[in-house]
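Have a look at the structure below, then the notes.
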Amino acid sequence: MSFSKILVANRGEIAWRVMRTAKAMGYRTVAVYSDADKDAPHVTFADEAVRIGPPPVGESYLDIARILEAAKASGADAVHPGYGFLSENEAFAAACDEAGLTFIGPPAGAIAAMGNKAAAKRRMIEAGVPCVPGYQGANQSDDHLAKEARKIGLPVMVKAAAGGGGRGMRLVESPGDLAEAIRTARAEAESAFGSGELILEKAVVDARHVEIQVFADNHGNVIHLGERDCSVQRRHQKVIEEAPSPAVDTSLRGRMGAAAVAAAKAIGYRGAGTVEFLLGNDGAFYFLEMNTRLQVEHPVTEAITGLDLVEWQLRVARSERLPLTQEQVTLAGHAIEARLYAEDPYAGFLPQTGRVGVWRPATGPGVRVDHGMTEGLAISPFYDPMIAKVIAHGATRDEARARLVQALRDTVVLGPTTNRHFLIRLLEHPEFAAGQATTAFIGKHAFPAPAVSDRHWQLAASLLWRHSAERYPANLRGWRNSNPEPTPIKLAAGETEHTIRLAPGGVSPETPPFYIDGSGIIVDLATHTVCFEDRTYRPPATAAEGSDGKLRAPMDGRIVAVRVSAGDKVTRGQTLIVLEAMKIQHQLKAALDAEVESVTVREGQQVSNRTVLVTLGGVEGSEGKGTT
C-alpha cells in the first residue's frame, strides 16, 4: 500500500507534529483549517491548506464530508487523523477506505470494538484482561443506573461510554449527588460524543493511571513500548505524564504489557494504540479503556525509546513490518511532560480565551516543546485550551524533573492566564518529587492562589510608565505647575486595587517579561504571571455598579441549558445556566437566594465573556454576587 500526499485531519500542535515527521520522510502534506485557524502555524507549515468551514467543530473538524472533500480537492491519497476529533471515529475510518484513501490508523472494526467503553469492557472480560467491577449494561434509564451504582457501592465513577478525555465523567462519593452526576454526565457525553450512553465503575481510590503503548502491523506482530504514568490529573484530564512509571518494575511491566498486547490482539488491531489501566496500591491493575490512536503524551515514550511513533504509524500504514521485535525494545532514562493550558488553576481550572501577545518556548538540553502557537494567535473558545506540551528527558527521573521545571521557568506566554506557575508547583511538590503521586494528588493537596507581591505592583506601574507612551506621554510625566510630584498610577489585579506613586527618577530599570494590551499590562515575575488593569484614567464608579445582580458568562462559550425562567425563585447554589466552553460544561449557579427578573439567552446561543445571562431581583451587595 503506497501513498505520497497526507492530509492531516486535525489542527494546532497535533497537525504540526504529524507533518514534521511526514515531511522528513518525503511526503507532501495538506492542512485543513476552520476560519478560527486560518493564520495558525500548521496551516503555513503544510505544503497545501484547505478551508473546511466555520469555527464550530461540527461544521469543520468533525464534518466527515468536508474532510473528504478537502482530500479530493488537494489530491491527497492518505489521511492521518491526529488525536482527538475524528481519530477514534469508525465511520470516518470506513469513509476514508470507501473513498480510496489510506487511513493512517487502525481498521474501522477495531475502532468500533474499543470506541464504546461498555462493549470494550465486555470484550476485555472475554479476553481475560482484568477489568474494574462495574455496570456496562443496556438498561440506561437514570433510575436503573442509580440502582446499579448503589449495588456497586460508593464511591463510583459515572463515565460516558462513547468517549474519553474526562468528558462525561463524574466521581460520586455521596448518595445525594448521584442523580445530578448521571444527568450532567449524560448531557456532556451527548454534546461531546453524540451519545448519552453511560457506564459505571467502582472508583479505585488513590490509584495510579498507568497506560501501555502498543503497536501492531498487518503481519500479526504486536508489541508494547513500555508504560506511561498519567496519574496527575484535574477534572479527570491529564496534566503531567511520565515514562517509565515510578510505580512499575520490570516484572509488573511485563504483566501489564502482556495484558495490553492481548487486548490489541483480541480486536485485530493495527498501528499505534494505548491500553489504559488503573494500578492499585496493592499492585493489582484493571483495564480502563483502549485509545485507538496516538496519544497526546506520546513524546515521553519517544524520549525513552529513541523512536518516532508517527514514523512507525506511516510505515505500518504502508504495510511494512514493525521495525523492532519485543526483545529489541529498550528504555533509556526518564521523561516527563507537562501540559501547558490556557486556564486559571486557582479558579477551578476555568478555561481562558484571548490573544497570546508574547510566546517564547523554552530550549535546552533534553527539552522538547510541541505546540501550534505563534504570537498574535488567539486561544479560541471552540477548541481545547492546551497551548503546548513541554517535555524533558534525562538520565534519571530527578534530572528530567529538574530540566522540566527549568524549561517551564524559561517559557514565556503572555495573554490569557495559564497554568504554568501551577505546573511548577506540582513538579516541585515533595510527593511528586518522590514519585508517589496518584490520581488523588491534586485533589488532596491545597494549592492556593499565590499573593501578588509588592514587587509585581511596582514593576507593573514602572513598565507602563516607561513603555506606554500612549497612556503616559513623556512630556507630561510628573508635570505640575509647581515642583514635579510623584505620578499616581491606579492598577487592579482581580478584585484588588492599588495606587502606586512613581517619583521622577525613581522608576525601576528592571525589565521582566511583560505585555501591554489595550486595558493594562501583564507581568511575568518569578514564574507568577499577573494581569493588571490600568484604572488611572477610569471614571469613578457609579453607586449602582456591582450591585446589579447580573449573572455573567465567565468566558466565551455556548449555552447548552437554561434552567430558570423569569419569576422563578432561586436559592444559593442552584444551577441557573449550563455553559459549554472548550468541551467542558460549566454549571453557573446563584450565589444567594433571589428571584429571577429576566433571562437574556437561549439554549444553543453562542455568548462572549461577560455577557449578561440572567438578572436576579432583590440583590444587594458587591460586584460578582450574581455568580459562584
Side-chain angles (χ1 to χ4, degrees), residues 6 8-25 29 31 33 37 40-46 61 80-85 87 104 165 211 213 225 228 230 232 237-243 272 274 291 293-314 333-343 356 359-375 377 379-380 383-394 400-401 403-413 418-420 423 427:
I6 302 170
V8 182
N10 220 294
R11 64 179 296 277
E13 66 90 10
I14 303 169
W16 202 358
R17 187 269 170 271
V18 172
M19 290 176 191
R20 286 197 298 270
T21 290
K23 280 194 172 188
M25 293 177 70
T29 59
Y33 65 92
D37 287 334
H42 80 275
V43 175
T44 56
F45 182 78
Y61 296 106
H80 193 301
Y83 30 97
F85 290 146
S87 63
I104 304 172
E211 60 190 31
Q213 176 71 62
L225 301 177
R228 297 184 288 258
C230 308
V232 180
Q237 292 179 297
K238 301 163 186 174
V239 178
I240 294 175
E241 303 104 348
E242 59 182 307
T274 301
N291 291 298
R293 54 175 167 80
L294 200 64
Q295 291 278 85
V296 175
E297 56 272 21
H298 77 273
V300 294
T301 296
E302 293 185 323
I304 66 169
T305 60
L307 304 172
D308 184 328
L309 300 193
V310 173
E311 178 184 341
W312 275 40
Q313 284 187 299
L314 301 184
H334 202 98
I336 310 176
E337 171 181 296
R339 300 190 188 191
L340 181 64
Y341 279 94
E343 66 180 14
V356 173
W359 169 241
R360 295 201 295 270
T363 59
V367 173
R368 165 179 168 179
V369 180
D370 282 11
H371 67 91
M373 183 51 60
T374 189
E375 289 185 355
L377 202 64
I379 304 296
S380 165
Y383 314 119
D384 187 272
M386 190 171 72
I387 296 171
K389 303 178 307 192
V390 185
I391 307 105
H393 180 240
R401 187 177 63 87
R403 283 179 169 176
L404 183 54
V405 168
Q406 189 57 49
L408 288 167
R409 291 182 182 277
D410 293 342
T411 296
V412 179
V413 53
T418 75
N419 65 340
R420 185 177 68 110
L423 291 172
L427 292 165

Would you say that [X] contacts [Y] through its side chain, given a criterion of any heavy-atom pair below 4.5 Å between the two side chains?
| X | Y | answer |
| --- | --- | --- |
| Trp359 | Ile387 | yes |
| Met19 | His80 | no |
| Gln313 | Leu294 | yes |
| Ile6 | Leu314 | yes |
| Glu311 | Thr21 | yes |
| Ile379 | Met373 | yes |

Rounded to the nearest 0.5 Å, what separation is found between the [atom1] atom of [X] and the [atom2] atom of [Y]?
| X | Y | atom1 | atom2 | value |
| --- | --- | --- | --- | --- |
| Gln237 | Asp384 | CD | CG | 7.0 Å |
| Glu337 | His393 | CD | NE2 | 13.5 Å |
| Glu242 | Thr301 | CD | OG1 | 11.5 Å |
| Thr305 | Gln213 | OG1 | CD | 9.0 Å |
| His371 | Met386 | NE2 | CE | 11.5 Å |

Can you name the nearest heavy-atom pair linking [X] to [Y], along with the distance?
| X | Y | answer |
| --- | --- | --- |
| Val369 | Pro361 | CG1-CB, 4.0 Å |
| Ser87 | Pro81 | CA-CB, 3.6 Å |
| Arg228 | Ala243 | CG-CB, 4.1 Å |
| Leu423 | Leu340 | CD1-CA, 4.1 Å |
| Ala303 | Ala335 | CB-CB, 3.6 Å |
| Glu13 | Gly372 | CB-N, 3.4 Å |

Can you tell me if Arg401 uses its side chain to pair, donor with acceptor, with the backbone of Leu427 under 3.5 Å?
yes
- Is it true that a side-chain atom of Asn10 and a backbone atom of Ala15 form a donor plus acceptor pair closer than 3.5 Å? no
_Residues Asp308 and Arg17 bridged, charged N to O under 4.0 Å_ = yes
Does a salt bridge link Glu297 with Lys389, judged by any charged N lying under 4.0 Å from a carboxylate O?
no
- prompt: Passes side chain to side chain contact (heavy atoms under 4.5 Å, CB included), His42 versus Asp37? Steps please.
  reply: CA-CA 9 Å; His42 80 275; Asp37 287 334; 4.2 Å; yes
Exercise for review: Would you please test Ile336 and Ile391 for side chain to side chain contact (heavy atoms under 4.5 Å, CB included) and show each step?
Suggested key: CA-CA 6 Å; Ile336 310 176; Ile391 307 105; over 6 Å; no
For Arg368, the side chain to side chain donor-acceptor pair (under 3.5 Å) test, sequence neighbours excluded, returns Glu302, Asp370
message = Between Leu225 and Leu309, is the side chain to side chain contact (heavy atoms under 4.5 Å, CB included) condition met? List the steps.
response = CA-CA 10 Å; Leu225 301 177; Leu309 300 193; 3.6 Å; yes
Those residues at least two apart in sequence (or on a different chain) that pass ring-ring contact (aromatic ring centres under 6.0 Å, His included) with Tyr61 are Phe85, Tyr383
With sequence neighbours left out, the residues meeting side-chain contact (heavy atoms from CB on, under 4.5 Å) with Ala392 are Arg403, Leu404
For this session: Check the pair Ile104, Val18 against side chain to side chain contact (heavy atoms under 4.5 Å, CB included), reporting the backbone distance first and the verdict last.
Result: CA-CA 11 Å; Ile104 304 172; Val18 172; over 6 Å; no
